[in-house]
Participant: 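One structure follows; several queries about it will come next.
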Amino acid sequence: MLSRKQTPSVSNQQCDTYAWFSQRAWVEIDLGALSYNVQQLVQFLSPRTQLMAVVKADAYGHGAVTVAQTVLQSGASWLGVATVPEAIQLREGGIKAPIVILGATHTPEQIHAIAHWKLQPTLCSPKQALVFSNILEEMNYDSPVPVHIKLDTGMSRLGTNWQQASEFVQLVQRLPHLSIASIYSHLATADSLDTTVMKEQHRRFEEAIAHIKAIGIQPPCLHLANSAAALTDPALHYDIIRAGLAIYGLYPAPHLQNVINLKPVLQLNARITQVKTISPGTGVSYNHQFIAPHELRLAVVGIGYADGVPRSLSNKMQVLIRGQRVSQIGTITMDQLMLDVSAIPNVQEGEVVTLLGEQGNERISADDWAEQLNTISWEILCGFKHRLPRVAVM
Ligand SMILES: *Cc1c(COP(=O)(O)O)cnc(C)c1O
């Protein structure tokens, strides 16, 4: 068994030039699942609400350009990134859709790039708005730049305090070279079972919008929801939802699993590079953190912490071979790790091991790793290094 999928196509944007079958380790991206997730989300939204696919951090490690192409074909209308270089990478990859930069931008270089590549920045403060307007004035830039006004309703991250929203919006509206494309905020606790803080943020957002309308400004477009909020309450959907995690097929919290069906997009695979028998008492890997209690068959796998397999999973993780779970043994090293494959007869060099994903009836999820590591699945997905090629399959 080389791979569970038959005809993988190597995406030229995200993968190196080696053929997929020669890889020692790779991240498999299921574009069919990605497309399915986007369609599930779009169907869940009312026709008024558009989907912004959040593709920051190289599309949560899935490969930004390939993901952007697929989500736009599947019903997303907007793309969200964190930084200017992330947005430029998409434009250079031929992506024409509106791209919102969700992070802060200030410098003349960033502002020039935003104008040149027709990107849409977030404006977080009156000071930043003035800098933008001044630099665009100096550039003699003729068409106005669409900007997204960020309000802080309780996340205490980017944005102007919601109580100063109407003054801020009024200032931006009067400044030359800027046109307000949307007003938005971000929720701090949308994945929590306790909705108290989220409801208060929602109330503050509504209050800010009411003040903006009271001074005679009709906001063109409003958005508040990330994946968790989108799955929690349609009242939070407004004109756009900004979904990251859900499009990659993971649930922001266990209690949201019944809302819509999602399929994990990313699978982490590697090949067995050597198989050997070790005798009882033999130490395995650095510092002999595993000692064979009896004779066992050991398989070496060509993936390690430099690829993004956390070293702190050493002696704790399982992987899938031929649809069966086997245990990882010894310390995970930079480029390689070891398995106890005694339970599987006649394991061959070259066989595929699935570290995350599905084989037969077994699945190991980023949520499993996250739980073991006391973190969240978002961090697991973003942790796979560029040494691993991204291989797109349909
Ligand atoms: C990253 C991000 C999102 C996406 O969050 P998910 O929980 O992955 O859906 C939405 N909005 C903003 C402002 C973000 O930074």
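Quick caveat, the model's predicted, so the values are computed rather than measured. Ligands are counted one by one from 1 in listed order, and the atoms in each one are counted from 1 as well.
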Participant: For ligand 1, which atoms sit closer than 4.0 Å to a heavy atom of Tyr60?
Facilitator: 1 (C), 4 (C), 5 (O), 6 (P), 8 (O)

Participant: Does the Asn37 side chain pair with the main chain of Gln40, one donor and one acceptor, at a distance under 3.5 Å?
Facilitator: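 Looks like no, no N/O pair under 3.5 Å.
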
Participant: I want to know whether His237 and Phe44 have ring centres closer than 6.0 Å.
Facilitator: yes

Participant: Starting from atom 11 (N) of ligand 1, which protein heavy atom do you reach first, and at what distance in Å?
Facilitator: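 Minimum-distance protein heavy atom for atom 11 (N) of ligand 1 reads Arg242 NE, 2.8 Å.
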
Participant: Got an N/O contact under 3.5 Å between Tyr184 and ligand 1?
Facilitator: no

Participant: So that I can tick it off, tell me whether Asp194 and Lys199 are bridged by a salt bridge, with the cut-off set at under 4.0 angstrom between side-chain N and carboxylate O.
Facilitator: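 Asp194 and Lys199: not salt-bridged.
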
Participant: Which of these, Met52, Arg157, Lys56, has its nearest heavy atom closest to atom 3 (C) of ligand 1?
Facilitator: Lys56

Participant: If you count the atoms of ligand 1 from 1 in the order shown, which ones are under 4.0 Å from a heavy atom of Leu245?
Facilitator: 6 (P), 8 (O), 9 (O)

Participant: Which protein non-hydrogen atom lies closest to atom 9 (O) of ligand 1, naming both residue and atom, and how far is it?
Facilitator: Ser227 OG, 2.5 Å

Participant: Provide the number and element of each atom of ligand 1 under 4.0 Å from a heavy atom of Trp378.
Facilitator: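 Listed by number with element: 6 (P), 7 (O), 8 (O).
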
Participant: Would you call Glu349-Arg271 a salt bridge at under 4.0 Å N-O?
Facilitator: no

Participant: Do other residues, nucleotides or ligands put more than 12 heavy atoms under 6.0 Å from Met139 CE?
Facilitator: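 Counting other residues, nucleotides and ligands, CE of Met139 exceeds 12 neighbours.
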
Participant: Salt bridge between Asp307 and Lys385, side-chain N to carboxylate O under 4.0 Å?
Facilitator: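 So Asp307 does not pair with Lys385 through a salt bridge.
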
Participant: Hey, what's the ring geometry for Tyr238 with His202, parallel, tilted or perpendicular (30° and 60° as the breaks)?
Facilitator: perpendicular

Participant: Do any nitrogen or oxygen atoms of Gly244 come within less than 3.5 Å of a nitrogen or oxygen of ligand 1?
Facilitator: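 Among all N and O atoms of Gly244, at least one is under 3.5 Å from an N or O of ligand 1.
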
Participant: Can you tell me if Met155 has a non-hydrogen atom under 4.0 Å from ligand 1?
Facilitator: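 Outside the 4.0 Å threshold, so no.
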
Participant: Please work out, at 4.0 Å between heavy atoms, whether the side chain, the backbone, both, or neither of His186 comes within that distance of ligand 1.
Facilitator: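 The part of His186 near ligand 1 is the side chain, not the backbone.
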
